[in-house]
Amino acid sequence: MAGSETKARTVADIMSHPVVTVAAVDKMAEAASTMRERRVGSVVVVDGTLPVGILTERDLVRFTAAGADVGTAVVAEWMTESPDTVALDVDVIAAFASLSEHGYRHIPVVDGEQLVGIVSMRDLMRIAQIQPAENLAHEIPRGLEGVVVAETDIGDVRGLEGFYHYRQYNAVDLAEQRSIEDVWHLMLEGELPSRDERAAFMATVAPLREIPAEVRAALPTIVGVGPDAPPLDMLRTTLSLLGAHLGFRPSLDIDATELKAQAMRVCAIVPTLLTAIHRIQHGLEPIDPDPELAYAANYLYMLTGDVPPPVHARAVEQYLISTIDHGFNASTFTARVITSTGADLAAAIVGAIGALSGPLHGGAPSRALDMLDSIGTLDNAEPWLRAAVERGDRLMGFGHRVYKTDDPRSVMLRGVANRLGGPNVELAEQIEAKAIEVLAELKPGRKLYTNVEFYAGIVMDRCGLPREMFTPTFASSRVIGWCAHILEQAADNRLIRPSALYVGPPPPQPLPPLD
Ligand code: ACO
């Protein structure tokens, strides 16, 4: 992905050199003709090899507009003195930030105090794939595809390789070999726990799962307002109340320790809230968390009232680990945008849940299973799939913005589904193969393969989760990823505030008379 390339790039990799220079005592006429001949937008003014000023096209315009004497004016009178410089080893993103903050188009590069090159805004944008709205907005890909908007230590997705990672570890290895508590620790604390640290972490989070009495008392009312609404809608409302009840203050006003404590509380309580909401929707009493049970077993227990077979708890746990984080997806980006305003953690999570609930993001697994049901038999698969794609429908559980090959989560979950067995696994594999064939034929070149949601539904169904809980279950693990991103954003915050290219009628138009 562009992010990993960009991260390694420094100013030294992209600067132009040797630099076109002039001396402060040179005549403006000579400097202007140098710039014209060398086709550069600026020249660095040097004293020996020391940069003492910069002269740009804007200075030439000012100079011409002022009607100054071409024969006598010298560079020293029109240049910007003591220009800001950038060191050779500065990351391109940081250099871009410095240029855009000051409104510079060019910045000299120095090694110590010696001039060694120059970088332009255009160089940086090309490399960093950062496009300002001012005059290049039309080049921004729709849906911000491929645009690098931040640096992160949390993880990344390499779409062409079919690989993603949490921190420095392969996420699939984590899902196959570690517990969700370990990965939760990794995401929020930055490292995998030792055995002792894991035990301490589990002891810390167990009481945080419990719902405060005041919020518990409000649940029947919340659910009663929209008895048939998706559980995620209820969760949004409940988390707003929880944040208010626990006194979450704007992230701008609290320190990192307080924000992390809030993150731990929210990650721990979301599964309890979701299962309580689900049970109340079905006229059942919520079940308190069992401190003796690990995360996934406790989740299934709170949902059904039965301690699940270990094989089901482990399958759900693997699904949950595999969906904790996934680059700058829409809900994670939403959480970071809200945090960038300094708003409180509950606000960021509520916004992220809203983004996740859409069928193009997290709302697909139940629809993928509905699709399998509706296809029903292998014989029916090809005509059904063909008709759907020809109608312009999207096959749920296929396609991905970043993956242009197998989604590693889907590969892992196919394995989990096979391990669990069951009547629809074989059919699902056959339908998957047919769908990929149909998509390759009817949507050539789009590289559409199975995404995480296709086998997620099958695994969750097999483990006894009802369809309306598929997307909420996704949310219950993704909240850990959102929280990691919220903490990272708050720790080094700058308001995320992009621009748009206005394409309406040219303003200002005269106001129409009021008829
Ligand atoms: N079925 C049929 N055609 C598809 C599908 C699909 N599942 N996905 C993409 N296409 C086609 C589009 O129709 C489009 O064709 P066109 O060039 O003829 O117009 C082309 O592929 C490109 O589609 P885009 O919408 O530009 O691709 P984008 O990167 O924006 O979409 C997305 C990614 C939203 C996931 C898309 O593949 C999709 O809608 N999939 C189905 C829903 C789904 O499974 N969502 C879960 C995603 S995983 C997650 O969020 C956890």
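Numbering of ligands and ligand atoms starts at 1, following listing order.
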Participant: For the aromatic rings, using the six-membered ring if either is Trp, is the centroid distance between Tyr449 and His400 under 6.0 Å?
Facilitator: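 No - the distance between ring centres of Tyr449 and His400 does not fall below the 6.0 Å cut-off.
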Participant: Tell me whether the centres of the aromatic rings in Tyr403 and His326 are closer together than 6.0 Å.
Facilitator: yes
Participant: Once ring pair (Phe, Tyr, Trp, His ring centres under 6.0 Å) is applied, do any residues pair with Phe398, and if so which ones, sequence neighbours excluded?
Facilitator: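 For Phe398 the ring pair (Phe, Tyr, Trp, His ring centres under 6.0 Å) partners, ignoring immediate neighbours, are Phe454.
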Participant: In chain order, what residues pass the ring pair (Phe, Tyr, Trp, His ring centres under 6.0 Å) check against Tyr169, with sequence neighbours excluded?
Facilitator: none
Participant: Sequence neighbours left out, what passes side chain to side chain donor-acceptor pair (under 3.5 Å) with Arg462? Give chain and number order.
Facilitator: none
Participant: When you look for protein heavy atoms under 4.0 Å from ligand 1, which residues do they belong to?
Facilitator: Pro359, Leu360, His361, Ala364, Asp393, Arg394, Leu395, Met396, Gly397, Phe398, Gly399, His400, Arg401, Leu439, Lys443, Arg446, Leu448, Asn451, Val452, Glu453, Phe474
Participant: What I'd like to find out is whether the side chain of Val350 reaches to under 4.5 Å of the side chain of Ser240, using heavy atoms alone.
Facilitator: yes
